Enquirer: 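I have a structure I would like to understand better, so I am pasting it below and will then ask my questions one at a time.
For clarity, every value in this text was computed on a predicted model and none was experimentally measured. FYI, side chains are in, hydrogens and waters are out, and symmetry mates aren't considered; it's all heavy atoms of this structure. Each ligand, and each atom within it, is numbered from 1 in the order the structure gives.
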Amino acid sequence: MLIRINKFLSSDQISLNINEKFIFEDEDFLVKTHLYREIDFNGSIFKVDENVILNGTIKYNFADECARCLMPFDNTVTTGFDALLLRHLDEDDLSDEIRLKITDGCVDLEEIIKQMIYLSMPMKSLCKKDCEGICPNCGVNLNIEKCKCNEKSTDPRFDKLKEMLKD
Ligand SMILES: [Zn+2]
Ligand SMILES: [Zn+2]
C-alpha cells in the first residue's frame, strides 16, 4: 500500500490528491477482521512550512452480522486520519501525532490503515436502522415473517396502550 510522493516532494506543487484502491494481501488480517480485500483510499498531501502532512480517508467493507436479527450483511465504514510524513523518524518523539516514514520517495500505509480499521470497526451494527430483530418467543426473523406470538398475548387494552406509547 505504497503511495509514491517523490515527484510531488521535488516539485513546487503545494498539494497532491491521491485516490487509490488498495488490496490487502495479509490473509491473517482478512480472516481476523472479515474484511473484504479491496479498500478505497482518498488522501491529500500538503506541504506546510517544512512539514509534509497527509489527510487520509479509508472506506472498507466487511462481512458483519446484525446485532439484532443475527443475519449476515455487508457493512461499510469510512474513517480518517492525519499523519506527518517524515524522512527520518525520531524514536524518542513522544507526541501523539501519527508519523510515517518516507522511504525512497514512498510511504507505506499498510500498518496505519490496519490500525485505523481495528480502531473504527464497530462492535455492534444493525443490518438496517429499523431492523425488527428476532422474536424472543419463537425465534423467527421478524424482518422476513411475522409470527403469531404477539397476537396471542395481546390484550385489546394493551393495544390501546401501545398505540398511545407510539406517539
Ligand atoms: Zn437485523
Ligand atoms: Zn414469535
Enquirer: Search all heavy atoms of Glu65 against all heavy atoms of Phe73 and return the closest pair with its distance.
Expert: C-CE2, 3.6 Å
Enquirer: Is there a side-chain hydrogen bond (donor to acceptor under 3.5 Å, both in side chains) between Thr79 and Tyr60? Walk through the geometry before answering.
Expert: CA-CA 9 Å; Thr79 186; Tyr60 61 91; over 6 Å; no
Enquirer: How many degrees, to 10°, between Cys127 SG and Cys69 SG as seen from the Zn ion (ligand 1)?
Expert: 110°
Enquirer: Test side-chain hydrogen bond (donor to acceptor under 3.5 Å, both in side chains) on Asn55 and Ser44 and set out the steps.
Expert: CA-CA 5 Å; Asn55 302 143; Ser44 302; 5.5 Å; no
Enquirer: To the nearest 10°, what's the angle at the Zn ion (ligand 1) between atoms SG (Cys131) and SG (Cys66)?
Expert: 110°
Enquirer: When you check the gap from the basic side-chain N to the acidic O, do Lys101 and Asp108 get nearer than 4.0 Å?
Expert: no
Enquirer: State, to the nearest 10 degrees, the angle whose vertex is the Zn ion (ligand 2) and whose arms point to SG of Cys147 and SG of Cys149.
Expert: 110°
